[in-house]
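Here the structure comes first, spelled out in structure tokens, and everything after it is commentary.
Letters A, B, ... mirror the listed sequences (proteins, then strands); counts begin at 1.
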Number of protein chains: 2
Amino acid sequence: MDTDRKDIHNSDIPVLCRSCDARHKGMCGALDSAELVALSRHTRIVRHAAGDELAAESEPTESYANVMRGVVKLTKVLEDGRQQIVGLQFAPDFLGRLFARESAVTAEAASEVDLCRVPKGALERLVAANPRLEHRLMQQTLRELDEAREWMVTLGRKTAAEKVASFLYLIATHLDPSADANAKGRKFDLPLTRGDIADFLGLTLETVSRQLSRLRADKVIAITAVTRVEVADLERLRKRCG
Amino acid sequence: MDTDRKDIHNSDIPVLCRSCDARHKGMCGALDSAELVALSRHTRIVRHAAGDELAAESEPTESYANVMRGVVKLTKVLEDGRQQIVGLQFAPDFLGRLFARESAVTAEAASEVDLCRVPKGALERLVAANPRLEHRLMQQTLRELDEAREWMVTLGRKTAAEKVASFLYLIATHLDPSADANAKGRKFDLPLTRGDIADFLGLTLETVSRQLSRLRADKVIAITAVTRVEVADLERLRKRCG
DNA sequence: GAATGGCCTTGATCAGGATCAAAAGCCGCC
DNA sequence: GGCGGCTTTTGATCCTGATCAAGGCCATTC
């Protein structure tokens, strides 16, 4: 209690929110400090290990979340087990399908992940009361729709080689926001296994592995460890994306 | 002038809007009669022939629209001309990417189409002033995102036969909203050519044609004219969707 | 009603990626 | 340090759907 009030007095912003990206680039940027304080009473930071299931397809969802660290994959499966990754979420993305009774996708931690969870009802009340928040979430939803459509081109019309290059390009440009955007090269850890990448690209893991080997042989990338990729020249990689 | 005022007096609802589906299931349902009257001063009903380009990729958009009749296809192309249809819009869908400076897709009339066009600025002002309208559009955007992700599974993981069955199932369930939802069968005209269907499914038109022939040979569908399809038992078709 | 030009269908062949199979790295664990 | 369980890589073969090619159907036009 006492500390709570001191926090508010000190800065008007809850401790947990002070260094959170969601406040700058994510949905919390739409909230003033009073709303932030009110919301933070309901939120809970949770850490999940890679592989943890965060939400299941056709299961009721009882909370939304902001991704604070790590990568979350959204997947859908056919009855016979064929699987497709339909989205990847990076910090500070909002996680969850607003207003939906149940999730249309399975959400799984691709890497170790920190989430800032909010109970469904609490967020929906806040959205109803604050059009600016809904506007923010609308902007993200529109961006996700743009990305989904971009990816449909990749899935439907690109060759295996172009698909793998496109995936690497996506990761290189999304994963490390701290990297200098102008830098020619990038180094990063793949947040997905070969099998996951295959599920993202509509390929088999063998094909993914072969195409990675080919990109390495062609010196477009270096693979310094099984999950470690270095791109010396992003532009050369982009040329391979079709 | 005089007629205008009479219309308003008569029913509070602009003539053009009275029989429009967008007022019931589309975005205009979020507007009260005064807003409807105000908005209708800016709208213009336009008819487009099949094949007309309604908006071009990377071109500035100066208006949004509601689809009142017909089917609009949204496409994206790779530099070398490979094409992918990334969405289909049916009445009374909203057409356009809210808040975007330029379109990320090409919109083209797949059939003869009637649009209710609204200038970009007019709609954006209305959205800013009316959170309920943004909420409506948010709902449609979320639905489109769900559909895009559903389609990613089809593109990435289904066989050619399953893709074609899935397309027919989509059309059968979306095209004729007046049809009895419980009816076992459906009859409809395909709004797309074989080439368009191929671009939607990530196939070639020859493969689409062959798979259609196979579905006909297997008595899952009847093709009574080149664009006319009859499905006797929707459930049998669904079983082919994978 | 013949000619023209779009679509569409069907056939023959080809190739890209899947599948099947095995070996090679990698890592935790005893 | 060596063992067992992994994911990943690489190889050999197969098969689905692409490509190349020809012909058919239909509407429009003269």
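Ser209(B) comes within contact range of at least one nucleobase, with a heavy-atom separation under 4.0 Å. Among the atoms of the strands shown, base atoms are found under 4.0 Å from some heavy atom of Leu205(A).
Remark: C1' of dG11(D) and CD of Gln211(A) are 15 Å apart, rounded to the nearest angstrom. Straight-line distance from the CZ atom of Arg194(A) to the P atom of dC26(C): 11 Å, rounded to whole Å. Atoms CD1 (Ile221(A)) and P (dT9(D)) sit 10 Å apart, rounded to a whole Å. If you take CD1 of Ile197(B) and P of dC7(C), they are 13 Å apart, rounded to a whole angstrom. In this structure, Leu192(B) places its CG atom 14 Å from C1' of dC7(C), rounding to the nearest Å. Protein atom CG of Asp196(A) is 17 Å distant from nucleotide atom P of dC6(D), rounded to whole Å. Here dT7(D) presents its P atom at 16 Å from CG of Leu190(A), a figure rounded to the nearest Å. Distance Leu212(B) CG to dC25(D) C1': 16 Å, rounded to the nearest Å.
You'll find that the side chain of Glu206(B) is closest to dT19(D), out of dG17(C), dT19(D), dT10(D). Considering only the side chain of Leu203(A), dA18(C) comes nearest among dA18(D), dA18(C), dT9(C). Set against dA18(D), dT10(C), dG17(D), the side chain of Arg216(B) has dT10(C) as its closest nucleotide. Side chain of Arg210(A), nearest nucleotide from dA18(C), dG11(D), dG17(D): dG11(D). Candidate nucleotides dG17(D), dG17(C), dT9(D) were compared by shortest atom distance to the side chain of Ser213(A), and dT9(D) ranks first. For Thr204(B), taking side-chain heavy atoms from C-beta onward, the closest of the listed nucleotides dA18(D), dC20(D), dT10(D) is dA18(D).
Within a 6.0 Å radius of CZ in Arg214(A), other residues, nucleotides and ligands contribute 12 heavy atoms or fewer.
Nucleotides of DNA chain C nearest to Val226(A) and Lys158(A) differ in position, and the one nearer the 5' end is that of Lys158(A).
A donor and an acceptor atom, one from each side chain of Ser166(A) and Lys158(A), are located under 3.5 Å apart.
When all heavy atoms are compared, the tightest approach of Ile85(A) to Met152(B) is O-CE, 4.2 Å. For the residue pair Leu142(B) and Leu98(A), the shortest heavy atom distance occurs at CD1-O, 3.6 Å.
Residue Thr193(B) has no polar side-chain atom (N or O) positioned under 4.0 Å from OP1 or OP2 of dC7(C).
Classified by interplanar angle (parallel below 30°, tilted 30° to 60°, perpendicular above 60°), the ring pair Phe200(B)/Phe167(B) is perpendicular.
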